[in-house]
Each structure stands twice: as C-alpha cells, then as structure tokens.
Amino acid sequence: MSDTVNRQQIFLSGLGGQGILFITHLLAETAVSMGYNTHTAETHGMAQRGGVVVSHLKVGAFTSPLIRPGMADILMLLSRGNMEPHRLYLKPGGIIIGNASPAKAAPEGLWIDADAAALEIGQPRSTNLVLVGFAVSAMKKIGRGMFCAADDIRNALYAKLSGRDKILESSLAAFEYGIACAERGKDG
Amino acid sequence: MTTRVLMTGNESIARGLIENGCSMALSYPGTPASEILPAVAKWRNALALPMHVRWAVNEKIAFETAYAGSIAGLRTAVSMKQVGLNVALDPFMSAAYMGVKGGFIVISADDPGPHSSQTEQDSRMTAMCALVPTLDPSDPEQAGDFVGLAYELSESYEVPVMLRPTTRVCHGGQDIGLNEIFSRPCNPELIRDPARWAATPKFRYDLHKKLNEKLSAIAEYALTEPRCLNPDVKASKAVIASGVAYAHLKEIAEDLGLTADVAIWQVVQPFPLHKKFIADLLSGYDEILVIEETSPVIEMQISDRYKVRGRMSGHVPRAGELLPETVEDLVREFCGLPARHVTPPSGIVSKRPCLCAGCPHRASFFAAKKAFPDAIYTSDIGCYTLGANLGAIDTVLCMGASIGQASGFYHAFSLAGKHKDVVATIGDSTFFHSGTAPLMDAVIQDSRFVLVILDNFTTAMTGNQPTPACGIDACGSDMPKLAIEDVVKGCGAGFCRVGNPYDLPDFISLLKEAGSYAKERGVAVVIARYPCLVDKRGRDARADIIGVEVSERCNGCGYCIKQFECPAIEYDEVNRRAVINQAACSGCGVCLHVCPSGAIEKAGGDE
C-alpha cells in the first residue's frame with residue numbers, strides 16, 4: 001500500500017468497446033483487496049453501443065459514487081477525443097494519463113500510444129490494460145503514486161481471471177508491456 | 001472478519017434476496033435493473049438453492065407469478081425497471097389492497113437522467129399512488145441490507161414493499177461484506193380466503209380501509225425511521241435527502257464542514273413518511289431543504305409548505321439527474337456559502353451511440369428504406385432504436401407500440417382516402433413482451449402494414465438475456481421454447497416469412513413482396529433472422545466472414561457513412577474517401593450492396 005495516498009479519485013473515460021468497465025473493475029478490486037473503502041459508477045445500456053463511456057472510481061473514505069468536477073486526482077483517457085469534454089473533472093494539479101498517437105498527444109499529462117503498443121504485442125483489444133500498466137509505472141516514476149502498486153494490480157488480475165489461463169496470460173502480457181513502455185520513457 | 005468483495009448495487013440486492021431466503025425471483029430485463037436476476041441465478045446455482053429464478057415474458061407476468069408465491073407463503077421478489085412497473089401496474093395496484101403472506105418485494109429501478117429510458121418517472125410516486133410502502137437505498141451496500149428490512153416490513157404488515165434503487169445505486173460498485181446463507185423451509189400453502197384473494201368490489205372497500213390502517217402504522221415503524229447523521233447538532237436548518245442524493249449530501253456536508261451547523265437527515269422510507277418525523281421537522285427547524293430523485297415524494301408529504309424548499313418550490317431542478325455538483329450548489333446556496341467555482345467544458349462529446357459493426361438490424365433498416373423509401377417507420381424499444389440514426393425510424397413510444405402505432409397511422413391516412421406505406425420494426429424479445437396483443441388487434445382491425453420482427457435470438461440491449469425462443473432459462477438450464485412464426489400465425493397474420501437481412505438484395509425483395517400483400521390483404525410479417533454478434537451464441541453461429549475494401553471508385557460522396565452508419569466504415573478527411581477500419585469490421589459483407597458507385601468490394605477479390 002502506498003504510504004502517501006489514502007484517498008484517490010480516478011475518472012476513466014473512453015468509447016464503448018474499449019474495455020473501460022474491465023479496468024474500472026480491476027482497479028476497484030485491487031482497492032478492495034488492499035482494504036480500502038471503494039466506490040465505482042459506470043455506464044450501461046444504450047451508451048455502451050459505441051458511445052462515450054465513463055467510469056468513476058473513488059478509493060478511500062467517500063460516500064458518493066460520483067466524482068464532482070474539479071475533484072479527480074487522475075483523468076485516465078482511453079480516447080484522446082474525450083480529454084476536452086472531461087478535462088473539467090480534474091482537480092488543479094491532477095494528472096492526465098492518456099492513450100494517443102505521438103502526433104495527437106496533448107502537451108500536458110503522461111501519454112502512451114496504447115493502441116499501437118497493443119498491436120505490437122498482437123492484442124489490439126488490450127489497449128485498456130496497456131494503459132493501466134503504463135499509468136501505475138509512469139506515475140511512480142514522477143513521484144505521484146497511485147493508490148496501489150503494480151504488484152497489487154497483478155494480484156488482482158490473478159484473482160479476477162483465475163481459471164481462465166489464456167485470458168490471464170494475455171492480460172498480464174498487456175499490463176507488463178504498459179509498464180515496460182513507461183520504464184523506457186515511451187510516451188508522446 | 002467477513003470477506004469484503006466488490007459488488008454492484010444489483011449484485012448486492014441479489015445477495016440480499018439470497019441471504020434472506022427468497023424462494024421465487026422473477027424479472028424482465030431493463031436497464032438499470034437487468035443484472036439483478038442473473039446475480040440471483042448465479043448464487044442459486046453455486047449454492048444449489050431450491051429457488052425458482054426466471055425471466056418472464058414481461059413485467060406484469062413476472063409480478064403476478066412472484067406475487068402468487070407470496071400468497072402461498074413464500075418469500076418472493078420481482079425486479080424491473082421503472083417503465084416496466086407501468087406494464088405491471090394493474091397487478092401492483094390491486095396487490096396493495098389484498099396484501100401478502102410471505103414477504104414480497106417489488107424492486108423497481110429508476111433512471112434519473114435518463115441514461116437508458118423513455119422517462120425519468122419516480123417509482124416512489126407510483127408506489128404512493130398504489131399505497132405501497134417504499135424503501136430508498138443510498139448505496140449498493142444499503143440496497144442489499146434493505147432487502148432484509150423490506151421482508152420484515154412486508155411480513156409484519158402483510159403488504160408488498162417496494163425497493164427503489166436508482167441507476168447510480170444499481171450500477172454503482174462498492175466493497176460489501178458477505179453474510180451467511182441460511183436455508184429456509186419451503187412449505188407453500190394456499191389458505192383459501194376468496195373474500196381477500198378474489199375480492200369483489202364490496203370486499204375491496206374493506207381492503208382499502210385496512211390498507212390505510214396498515215399505512216398509518218407503517219408511518220410509525222421504528223426500523224425504517226429517518227436517520228440523522230449528526231443527532232447532537234443544534235441547528236435551525238435541516239437538509240433531508242433520500243437515495244443516492246443522500247450519499248452525495250453526506251460527502252459534501254463533510255467536505256464543506258457543515259455537520260456542525262446543519263442537521264443532515266436520510267429518509268429511508270419515503271412513503272409513507274414517518275408522522276413524528278414530519279412533526280419534529282416542522283417544530284424543530286426554520287428552514288428545510290429536501291433533495292430527492294426524481295419527484296417531490298418526501299417534499300409533498302411535509303404539510304407546511306412555508307418552511308420547505310425542494311422541487312415544488314422551484315429550488316431543486318425539476319428534471320434531470322441530481323449530480324453531486326448540483327447537490328453541492330443547492331447545499332451551498334441553502335447554507336449561505338459562496339458559489340462553487342465552475343469550469344465550463346472545453347469540448348463536447350461528439351461520439352453518439354450507434355448500431356455495432358455487423359449488426360443485422362442495420363441491414364434490416366437499410367433494406368426497409370430501400371423497399372419503402374416514403375414509408376412511415378414506427379419502431380420500438382431496444383438496440384434497434386438506434387436505427388433512428390439511419391433515418392429508418394419515425395416514432396418510438398413504449399414497449400410494443402410500434403405495432404399499435406402502425407395500425408393507427410394506416411387508419412389515419414385511409415380515413416382521408418390515402419394509402420401510405422407503414423413499416424413497423426420490433427425486436428424479438430419486445431415482440432414477445434408486448435407485441436402479440438397489438439398484432440391480433442391489427443389483424444382484426446384490418447390494418448395494412450408491414451411488420452418486421454428483428455429476430456437476433458437475444459435481448460441484446462440489456463445484456464443478451466435469453467428470449468422465449470431460446471429455450472434457455474435464467475439459470476442456464478433448458479426449458480420449453482416458442483417459435484416466433486407460430487406465434488405470428490396464431491395471432492392471425494396471413495403473411496409470415498423469414499429472411500436473412502445479410503442477404504440484402506433477397507431481403508429487400510421479400511420486404512417488397514410483403515408490402516404488396518399488406519396493401520391488398522392485411523398485416524404482413526417478415527421475420528428478419530440473424531444472430532446478434534455481441535452474443536456469444538450469435539458469434540458461434542456465424543457463417544462466412546467476408547473481408548471488404550474500398551476501391552478507387554469511391555468518390556467520397558459519404559452515402560455509406562450517412563445512410564448505413566457502420567462504425568467500421570470511416571471517412572478519411574484528408575483523401576476525401578471512405579475507408580474500412582479492418583479492426584472494427586465484422587466481415588458481414590452487407591456494405592457490398594450499399595455504395596451507389598459500387599466502390600465497396602470483396603477484399604482481394606476480382607469484384
């Protein structure tokens with residue numbers, strides 16, 4: 001468990017089909033396994049059909065499932081186009097972590113071409129886990145830890161996908177590749 | 001220490017049903033309530049519990065089935081979305097009078113926003129109208145806890161009890177402790193009492209009086225009394241909230257340091273509101289702010305309007321979800337704090353939902369436009385409502401209305417001596433839910449239109465629950481099944497043909513044939529049959545995958561983008577032409593027939 005973080009609000013934003021729900025659950029299960037009070041809010045129903053999908057993750061002493069504008073510690077973007085509409089959720093000094101090609105990445109924040117990275121490892125549908133691996137590692141690198149360490153997420157992945165060896169293996173590969181990208185400074 | 005696991009509100013409600021000995025659980029899928037029943041089924045299977053867990057054909061039947069179990073003395077539950085309660089309103093109103101034996105919970109999930117619904121209606125208001133006591137949980141954990149409370153209340157007073165979560169509770173996730181499961185004896189028994197269970201109007205009058213007495217007592221029921229966050233505070237102002245609005249309020253009040261100055265109350269049972277609470281509010285505070293979704297149910301029960309601010313007074317917005325920032329603004333204003341600093345969004349969300357790549361409904365809608373370019377298109381509730389993006393839908397009202405409305409449009413025009421092509425589209429699950437009665441009606445009214453039943457073997461929009469044609473129950477076991485063709489013929493339609501919308505030219509011909517029949521003889525039904533690609537069963541049943549590409553013949557007219565709207569066909573702004581996003585393409589091959597210039601071709605093929 002991180003020494004400094006006892007409350008963290010993460011706003012996740014992407015498009016239907018990008019796997020926002022999966023990584024929201026993964027991070028939330030990580031938080032629960034670490035003993036944190038945890039709240040999530042997510043989009044279901046018609047909006048999932050290719051529309052904009054957002055999740056709210058609140059770790060620590062909160063009661064509302066939703067993040068108010070200006071309160072998110074982290075804005076995690078699976079789609080570059082969602083930055084402008086959802087930027088307002090970020091608190092002053094909060095961190096943007098996003099997926100975009102180097103040409104499209106914004107000047108502020110930590111960016112990775114997670115789509116390209118996922119293709120490189122032959123898993124075009126694992127953009128989401130590449131981004132999570134990148135996030136936990138890149139934030140540590142700049143001294144702004146997430147509520148959890150890479151090992152905590154790894155353990156949660158094992159628990160979440162136990163008995164589904166093939167998916168577990170590919171999910172771990174994507175997660176580790178995201179970490180490796182952060183370590184060698186591969187960002188926009 | 002109990003294990004804490006991440007659960008959604010829907011899973012928590014399901015767990016509550018399991019932990020409290022529910023024997024029969026029924027439902028019809030609808031966002032945001034859809035995941036309750038599958039979670040019940042999951043634990044029923046895992047623990048091998050003796051439970052009847054089923055999707056019903058619609059909410060009314062789900063209600064009546066679960067209610068009968070309660071009359072027989074079992075603990076039962078029915079779950080649905082708020083507009084589903086409209087479908088079940090007839091038995092709901094009546095069951096309140098007759099009451100229950102075993103505990104009976106009506107779970108009606110509201111969707112303020114609305115995120116995925118036709119209305120923002122408040123089920124608590126419907127419960128008030130029906131005289132049914134209602135519990136309003138503020139988070140997933142409370143939603144599960146309130147199941148036990150609802151059963152106690154239901155059995156103590158022999159009344160149905162409504163549990164009313166909202167989208168943020170249903171689809172919120174929270175760390176929740178699991179309690180033990182106790183097995184309960186299942187001893188169904190019908191104690192004959194026709195004056196109650198088959199009451200004639202004379203007896204209904206007595207039942208109504210009895211129900212009023214029960215409600216008076218429930219307005220003093222200790223276990224559901226409003227809860228004060230800061231009972232020691234000396235305050236002239238009070239903020240009252242229920243549901244998720246209370247979860248927002250609590251966090252905001254603590255963030256803003258208001259708990260030393262303002263009394264913060266959670267109303268657990270919005271109807272009937274506790275009598276003593278109302279009296280204490282009015283004698284104890286000078287100003288009262290009520291925050292609740294989405295109707296002023298608590299507010300209107302506080303008789304002295306002078307002190308109360310809420311939706312009726314115009315202080316709280318009368319439409320839309322109460323987001324935490326809205327709650328913060330309300331609380332700041334009420335407590336005389338400076339307004340929140342607001343950052344306007346610097347961009348707009350431009351991506352609208354659309355039908356999936358390879359969705360067979362897209363092909364059906366495109367075919368309908370080709371076959372009947374000037375028709376009135378009535379449609380219905382489901383994924384296929386997104387056919388509106390393709391310009392193939394003029395009206396959507398409620399479950400099953402495509403057929404009744406098609407009938408209505410036909411007769412409206414024929415009154416003026418005009419023939420107008422009318423094409424109704426309805427999904428397979430929706431057809432079973434409420435399409436059969438209007439189809440019978442259309443036959444006997446001699447209405448002339450084409451009905452296209454979009455049969456993708458699943459209830460796709462709400463998460464691919466099985467339909468009555470699937471032969472699989474909610475627990476994954478085999479069950480008897482129905483054939484849509486048989487039902488259509490049984491309803492009296494003289495024309496019923498099945499086609500595959502992926503074979504676009506043939507399917508267009510079939511629709512035209514149906515159109516000719518309809519014009520001369522009566523309702524013509526075409527079943528557009530192809531499985532949903534989101535559903536695993538559908539993917540497994542896939543035939544050939546057809547790779548496509550855009551040739552040099554593309555002149556960038558954008559017809560395919562506007563008229564077909566497949567997420568796998570993108571417009572390359574730089575080169576001004578359509579391109580296939582191969583990662584998104586499902587290989588359905590339907591677009592081969594779409595381009596007016598014939599520029600979409602089989603990949604690697606010679607044409």
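Note on naming: letters A, B, ... go to the chains in the order of the sequence lines (proteins, then strands), and numbering restarts at 1 for each one.
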J.: Using non-hydrogen atoms and a 4.5 Å limit, figure out which bit of B/P32 sits close to chain A: side chain, backbone, both or neither.
T.: neither

J.: Counting only heavy atoms not in A/K160 (residues, nucleotides, ligands), do more than 12 fall under 6.0 Å from its NZ?
T.: yes

J.: Measuring from A/N37:CG to B/Q174:CD, what's the distance to the nearest 0.5 Å?
T.: 8.0 Å

J.: Could you measure the distance from the CG atom of A/L21 to the NE2 atom of B/H171? Nearest 0.5 Å is fine.
T.: 9.5 Å

J.: Please state whether the side chain, the backbone, both or neither of A/M83 comes within less than 4.5 Å of a heavy atom of chain B.
T.: neither

J.: B/Q142 versus chain A, heavy atoms under 4.5 Å apart: side chain, backbone, both or neither?
T.: neither

J.: Taking OH in A/Y158 as the centre, count heavy atoms belonging to other residues, nucleotides or ligands within less than 6.0 Å. Is the count above 12?
T.: no

J.: Where on B/D255 is there a heavy atom nearer than 4.5 Å to chain A: the side chain, the backbone, both, or neither?
T.: side chain

J.: Take A/I67 and B/E325 through the side-chain contact (heavy atoms from CB on, under 4.5 Å) test and state the conclusion after the steps.
T.: CA-CA 9 Å; A/I67 299 171; B/E325 50 268 38; over 6 Å; no

J.: What part of B/V342 gets within 4.5 angstrom of chain A, counting heavy atoms only: side chain, backbone, both, or neither?
T.: neither

J.: Any sub-3.5 Å donor-acceptor pair from B/D175's side-chain atoms to A/V32's backbone N or O?
T.: no

J.: If you round to the nearest 0.5 Å, how far is CG of B/L6 from CG of A/L27?
T.: 11.0 Å

J.: Chain B: which of A/S79, A/P65, A/G81 shares the most heavy-atom pairs with it under 4.5 Å?
T.: A/P65

J.: Going through the distances and angles, do B/L323 and A/L66 end up as a side-chain contact (heavy atoms from CB on, under 4.5 Å)?
T.: CA-CA 8 Å; B/L323 295 169; A/L66 296 178; 3.8 Å; yes

J.: Is it true that A/R68 and B/D329 make a salt bridge, defined as a side-chain N closer than 4.0 Å to a carboxylate O?
T.: no

J.: What part of B/E254 gets closer than 4.5 Å to chain A, counting heavy atoms only: side chain, backbone, both or neither?
T.: neither

J.: Look at the side chain of B/E251 and the backbone N and O of A/S64, then say whether any donor-acceptor pair between them is shorter than 3.5 Å.
T.: yes

J.: So which heavy atom on A/E42 is nearest to which on B/R168, and how close?
T.: O-NH1, 4.4 Å

J.: Kindly check if the number of other-residue, nucleotide or ligand heavy atoms within 6.0 Å of CD (A/E169) is above 12?
T.: no

J.: Relative to chain A, which of B/S138, B/S117, B/G172 shows the most heavy atom pairs under 4.5 Å?
T.: B/G172

